[in-house]
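Please read the structure below before turning to the comments.
Below, read A as the first sequence line, B as the second, and so on, with proteins coming before strands; counting in each chain starts at 1.
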Protein chains: 2
Amino acid sequence: MSAIASLDVRPLSRLMKALGDETRLRMVALLSHGELCVCHLEKALGLTQSNTSRQLTVLKAAGVVEPRREGSWVFYRLAPQLDELTKSQLRALVNAFGKREVLRRDVERLLRAKGPASCK
Amino acid sequence: MSAIASLDVRPLSRLMKALGDETRLRMVALLSHGELCVCHLEKALGLTQSNTSRQLTVLKAAGVVEPRREGSWVFYRLAPQLDELTKSQLRALVNAFGKREVLRRDVERLLRAKGPASCK
DNA sequence: TGGGGACATGACGATATCCACATGTCCTGA
DNA sequence: TCAGGACATGTGGATATCGTCATGTCCCCA
């Protein structure tokens, strides 16, 4: 019969839906270069604390990122994908963002500021 | 300052938004193997005529597909991407779908039925 | 030229998304 | 134990999306 019927695009559509937003896409662009905590993303993207947390919640619910608690703050990083389609898509995206040298420098600068100054 | 500020993800987020839906993703999966007319997609995906047209309108507005009129009916195919990010993402997607041999057979069967029987 | 097929679109109710404001939770250091 | 910083979440209103039904447009053919 129809093979399209057996093609499960649910995981992929979930991923796409989560990435169908400028802010969340920029978050992923930054996270392509390393893990960052909420306040880093907040500052880098010029968002309110509330909004930053919300968007991360959406990305987490879609399985795009995963949190890691470290003392008082929470670091987010890209989560490994189980589904083959989402895996290849996210890899392609990270690869595209990974080529942006300027982004890498942004992330490094953010992480350097982490130590003594924390997230202030 | 921040390089993320200069990274324009608007075209990509538009693409992702359009693909953040199971039905539209399945349409793209089929169109990865060749152009199809509305009634083909309608039958293959088990959608109403109205809904099929709507979803294609969304994909068209996002620049994912483009229509080609041929007499009484309209064929849709994947549209070439101008933006680098959307180009690489869509290429990765088509590549992933392109590996699904069963899908290719589906499309061929649909196109074979086209000639005499039209879309009936 | 009139009818029917293929597709698009207006209207609309149901549902989901988005963002800000305020408040709540958890951890840390004094 | 208390204050404050880092995050999360309840609430609510504006806005957008989704799918259906009905209708409109365009094209082909008898």
Exercise for the section: Go through A:Thr52 and A:Met27 one step at a time and tell me if the side chain to side chain contact (heavy atoms under 4.5 Å, CB included) criterion holds. Expected result: CA-CA 9 Å; A:Thr52 308; A:Met27 285 178 161; 3.9 Å; yes
Problem - nucleotides 24-30 of chain C: protein proximity per nucleotide (B base, S sugar-phosphate only, - neither; heavy atom, under 4.0 Å) - result: ---SS--
Exercise for the section: Could you go through the side chain to side chain contact (heavy atoms under 4.5 Å, CB included) check for A:Leu47 and A:Leu41 one step at a time? Expected result: CA-CA 8 Å; A:Leu47 304 172; A:Leu41 292 164; over 6 Å; no
Handout entry: d(CH2, A:Trp73; P, D:dG4) in whole Å
Key = 19 Å
Practice task
Return each pair, listed once, that meets side chain to side chain donor-acceptor pair (under 3.5 Å) where at least one residue sits in residues 74-87 of chain B; pairs must be two or more places apart or across chains.
Solution key: B:Glu66-B:Arg77, B:Gln81-B:Thr86
Problem - Flag side-chain contact, heavy atom, 4.5 Å: B:Leu45 against B:Leu30 - result: yes
Completion exercise
Atom CE of B:Met27 and atom P of C:dC7 are separated, to the nearest Å, by 12 Å
Handout entry: side chain to side chain contact (heavy atoms under 4.5 Å, CB included) between A:Leu93 and A:Leu19, worked out
Key = CA-CA 10 Å; A:Leu93 188 62; A:Leu19 297 182; 3.7 Å; yes
Problem - side-chain N/O A:Lys17 vs D:dT17 OP1/OP2, d < 4.0 Å - result: no
Problem - Whichever of B:Pro67 and A:Gly20 has its nearest DNA chain C nucleotide further upstream toward 5' - result: B:Pro67
Fill in the blank from the handout: Separation of D:dC18 atom C1' from B:Asp21 atom CG, nearest Å, is 9 Å
Practice task
Look up atom CZ in A:Arg24 and atom CG in A:Leu31, then write down how far apart they are to the nearest 0.5 Å.
Solution key: 13.5 Å
Completion exercise
Exactly one of A:Gln49, A:Gln55, A:Arg54 clears side chain to side chain donor-acceptor pair (under 3.5 Å) with A:Asn51, and that residue is A:Gln55
Completion exercise
On a heavy-atom basis, the closest approach of A:Phe97 and A:His33 is O-NE2, 3.0 Å
Exercise for the section: Check whether any side-chain heavy atom of B:Arg14 lies under 4.5 Å from a side-chain heavy atom of B:Val64, and answer yes or no. Expected result: no
Problem - Length of the line joining A:Lys60:NZ and D:dC7:P, which is rounded to integer Å - result: 13 Å
Problem - Euclidean distance, atom CZ of residue B:Arg24 to atom C1' of D:dG19 [Å, nearest integer] - result: 12 Å
Handout entry: Whole-Å distance separating the CD atom of B:Glu42 from the C1' atom of D:dT20
Key = 14 Å
Completion exercise
Taken to the nearest whole Å, OH/A:Tyr76 to P/D:dA6 is 15 Å
Handout entry: DNA chain D contacts among residues 48-58 of chain B, heavy-atom distance under 4.0 Å
Key = B:Thr48, B:Ser50, B:Asn51, B:Arg54, B:Gln55
Completion exercise
When rounded to whole Å, the CZ to C1' distance for the pair B:Arg68 and D:dC26 reads 17 Å
